[in-house]
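Residue numbering restarts at 1 for every chain, and letters A, B, ... go by the order of the sequence lines. Small disclaimer: the values here were computed from a predicted structure and weren't measured. Reckoned from all heavy atoms, side chains included, excluding hydrogens, waters and symmetry mates.
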2 protein chains.
Amino acid sequence: MRADAERNRERVLEAARSVFAEQGLDASTNEIARRAGVGVATLFRRFPTRDDLVGAVFADRMAAYVAATDEALADPDPWHGFCGYIERVCQMQADDRGFADVLTLTFPTAKALEDDRNRAAEGLGVLLERAKATGKLREDFAHQDVPLILMANAGVVTATRDAAPDAWKRLVGYLIQAFAAEAFQPLPEPPSPRQVYRALLRLST
Amino acid sequence: MRADAERNRERVLEAARSVFAEQGLDASTNEIARRAGVGVATLFRRFPTRDDLVGAVFADRMAAYVAATDEALADPDPWHGFCGYIERVCQMQADDRGFADVLTLTFPTAKALEDDRNRAAEGLGVLLERAKATGKLREDFAHQDVPLILMANAGVVTATRDAAPDAWKRLVGYLIQAFAAEAFQPLPEPPSPRQVYRALLRLST
DNA sequence: ACGTAAGTGGAGCGGGTATTCCGAATCCTC
DNA sequence: GAGGATTCGGAATACCCGCTCCACTTACGT
């Protein structure tokens, strides 16, 4: 690849990163190209589909997402690790509107992200088992509840980002107390894993 | 008003009701006019601004919203009334995507809706006090938490409407257990009323 | 039944989007 | 530094949006 091409590729990635962070995944391509100081054609030549661009932009964020599960697993107290994990991931959503979309709304199918997602899900399963084993996480917590949290958090975050950027912490505070074993009361059934998967695919056409 | 004009007005309202319910408040006017079987000009003549249309369409839903607080207040057990209120309102969001927007996202400024909102807020304040007095609702529950619930629920509902239409019940189940006094653990500060107000105004420009 | 005021619908305008095409500019090699 | 392949950027295309204008139609009072 020619040197200027590589340079432009980087500029597009950086512009896309900030535009997605501010405006979410449905930001306009024109805006990204404009901010990168590059023609739209250049953007499309390098990233023919939106998925290509999103995949490249969020590769590192997804790595951080996977790393969050690893850190949680490294915590000697699995319940503490779990709480920290939820808070950290919700913080990531609050910090980056595009990433919130990646986690809950549009589910880009870029393969790299897909793999990361699976790895995170695996680690999360182990974490949940351990946390339940300590008796601190309620037994009926389902792994499907995690995307549910992310969707709820996304709702709060998108609504309050400008006016009350920390409002989501209150929601997460409530939820974590509800996840504690002491809070146990019967709950409605969680959605099935398949349902959650389909919900996540929703907008990725 | 001429009879045919009145008839068309009704048709537009009905079409708008169903389109908003399916697609949310940002549905296109073209689509509404098309489904009503009228020209776009007719729609605009009758409802010059989007607020006029939204106000007319959701007048009855807002009335039901106010009625929900009244019913909650009528419950001999204020805590039970509170739980029922939350569930009912979240159900209304789940049933009507447009109404979910009215409650959390766009905050149309139509005066009729504004008045209803204020009336509901008043009733809610009384309900919360009573529920706290019984010792079942935690003391640190803030009235600002209610819009927070609605935003969180809106997030779940918009993400899962097609694939897992009952998923929101699980979220609300968790939240209600967190609101119970027994669950009490310190929480992050709630957003200020002013912050919440500004968050609700967000998209109404 | 007929004149007129009220009402209608679709074409049209201005502005937004995604995506493609192609002549011009740029880089790299020799 | 010259030639040729590569890459660029903006114009062009084809949509979709909200909203307005206006020639035509309809209902209603007389």
Side-chain angles (χ1 to χ4, degrees), chain A residues 1-20 22-57 97-98 101-102 105-110 203-205, chain B residues 1-20 22-58 97-98 101-102 105-110 202-205:
Chain A
M1 170 145 26
R2 239 166 67 173
D4 55 342
E6 176 58 29
R7 194 168 51 237
N8 279 333
R9 204 189 105 98
E10 284 314 315
R11 292 173 64 179
V12 167
L13 272 180
E14 193 160 347
R17 218 180 316 265
S18 71
V19 171
F20 282 150
E22 290 167 21
Q23 308 181 11
L25 277 196
D26 51 356
S28 93
T29 37
N30 279 350
E31 166 77 5
I32 295 172
R34 197 190 55 71
R35 202 180 296 194
V38 120
V40 284
T42 301
L43 192 158
F44 277 97
R45 200 171 318 106
R46 224 44 76 187
F47 305 99
T49 75
R50 185 158 275 253
D51 250 25
D52 295 328
L53 180 57
V54 170
V57 163
R97 191 161 166 178
D101 289 350
V102 167
L105 295 178
T106 55
F107 213 69
T109 49
L203 289 180
S204 66
T205 48
Chain B
M1 169 143 30
R2 240 167 65 173
D4 55 342
E6 175 59 29
R7 197 167 48 239
N8 278 334
R9 204 189 107 97
E10 284 315 315
R11 291 174 64 181
V12 168
L13 272 181
E14 193 160 347
R17 218 179 317 264
S18 69
V19 171
F20 282 150
E22 290 167 21
Q23 308 182 10
L25 276 197
D26 50 356
S28 93
T29 37
N30 280 349
E31 166 77 4
I32 294 172
R34 198 190 54 71
R35 202 180 297 195
V38 306
V40 283
T42 300
L43 191 159
F44 278 98
R45 198 172 318 108
R46 224 45 76 187
F47 305 99
T49 76
R50 185 158 274 253
D51 251 26
D52 295 327
L53 180 57
V54 170
V57 164
F58 289 102
R97 190 161 165 179
D101 289 351
V102 168
L105 295 178
T106 54
F107 213 69
T109 48
R202 184 170 45 106
L203 290 181
S204 66
T205 43

J.: For a quick test of reading the model, state the closest non-hydrogen atom pair linking A:Leu43 to A:Ala33 and the distance between them.
T.: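 The pair with the smallest heavy-atom distance is CD1-N, 4.0 Å.
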
J.: A:Arg9 versus A:Phe47: any side-chain heavy-atom pair under 4.5 Å?
T.: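 A side-chain contact exists here, since the closest heavy-atom pair is under 4.5 Å.
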
J.: Report the residue from A:Asp101, A:Asp26, A:Val54, A:Val102 that forms a side chain to side chain contact (heavy atoms under 4.5 Å, CB included) with A:Phe20.
T.: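 Exactly one option meets the side chain to side chain contact (heavy atoms under 4.5 Å, CB included) with A:Phe20, and it is A:Val54.
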
J.: Verify, without hydrogens or angle tests, whether A:Asn8 (side chain) and A:Ala5 (backbone) share a donor-acceptor contact under 3.5 angstrom.
T.: no

J.: Pairing of DNA chain C as dot-bracket, 5' to 3': ( ) intra-strand, [ ] crossing, | other strand, . unpaired, with Watson-Crick or G-U pairs under 3.5 Å?
T.: ||||||||||||||||||||||||||||||

J.: Is there a side-chain contact between A:Asn8 and the phosphate of D:dT7, meaning an N or O under 4.0 Å from OP1 or OP2?
T.: no

J.: Identify whether any heavy atom of B:Arg46 sits under 4.0 Å from a base atom; if not, whether one sits that close to sugar-phosphate; answer base, sugar-phosphate or nothing.
T.: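 Sugar-phosphate: the residue B:Arg46, judged by heavy atoms under 4.0 Å, touches backbone atoms but no base.
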
J.: Taking the side chain as everything from C-beta on, heavy atoms only, tell me whether A:Val19 gets closer than 4.5 Å to A:Arg35.
T.: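 They are in side-chain contact.
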
J.: With side chain to side chain contact (heavy atoms under 4.5 Å, CB included) as the test, would you mind laying out the steps for B:Met1 and B:Arg46 before giving the verdict?
T.: CA-CA 11 Å; B:Met1 169 143 30; B:Arg46 224 45 76 187; 3.9 Å; yes

J.: Tell me whether A:Glu14 at atom CD has more than 12 heavy atoms from other residues, nucleotides or ligands lying less than 6.0 Å away.
T.: no

J.: Looking only at heavy atoms, what is the nearest atom pair of A:Ala16 and A:Val57, with distance?
T.: CB-CG2, 3.6 Å

J.: Within the 4.5 Å heavy-atom criterion, are A:Val12 and A:Leu53 side-chain neighbours or not?
T.: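 Yes. Closest side-chain heavy atoms under 4.5 Å.
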
J.: Flag the pair A:Arg34 and A:Glu31 as a salt bridge only when some basic side-chain nitrogen lies within less than 4.0 angstrom of an acidic carboxylate oxygen.
T.: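 Salt bridge: yes.
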
J.: Could you report the tightest heavy-atom contact between A:Gln23 and A:Ala27, atom names first, then the distance?
T.: OE1-CB, 3.7 Å

J.: Could you state the atom-to-atom distance from CZ of A:Arg9 to P of D:dG9 in whole Å?
T.: 16 Å

J.: If I take atom CZ in residue B:Phe47 and atom C1' in nucleotide D:dT20, what distance separates them, rounded to the nearest angstrom?
T.: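 My rounded result for the distance is 18 Å.
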
J.: Could you tell me the separation between the CZ atom of B:Arg45 and the P atom of D:dC24, rounded to a whole number of Å?
T.: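 Taking atom P of D:dC24 as the reference, CZ of B:Arg45 is at 17 Å.
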
J.: Write out a two-atom table: protein N or O, nucleotide N or O from nucleotides 16-20 of chain C, distance below 3.5 Å.
T.:
residue	atom	partner	partner atom	Å
C:dA18	OP1	A:Thr29	N	3.4
C:dA18	OP1	A:Arg50	NH2	3.4
C:dA18	OP2	A:Thr29	N	3.0
C:dA18	OP2	A:Thr29	OG1	2.7

J.: Rounded to whole Å, how long is the line connecting atom CG of B:Leu43 with atom C1' of D:dC21?
T.: 16 Å

J.: Nearest whole Å is fine: how far is D:dA27 C1' from B:Glu6 CD?
T.: 15 Å

J.: Between atom CG in B:Asp51 and atom P in D:dC19, what is the gap in whole Å?
T.: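 Those two atoms, CG and P, are 11 Å apart.
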
J.: Restricting to nitrogen or oxygen on both sides, can you table the protein-nucleotides 28-30 of chain D pairs closer than 3.5 Å?
T.:
residue	atom	partner	partner atom	Å
D:dC28	OP1	B:Ala3	N	3.4

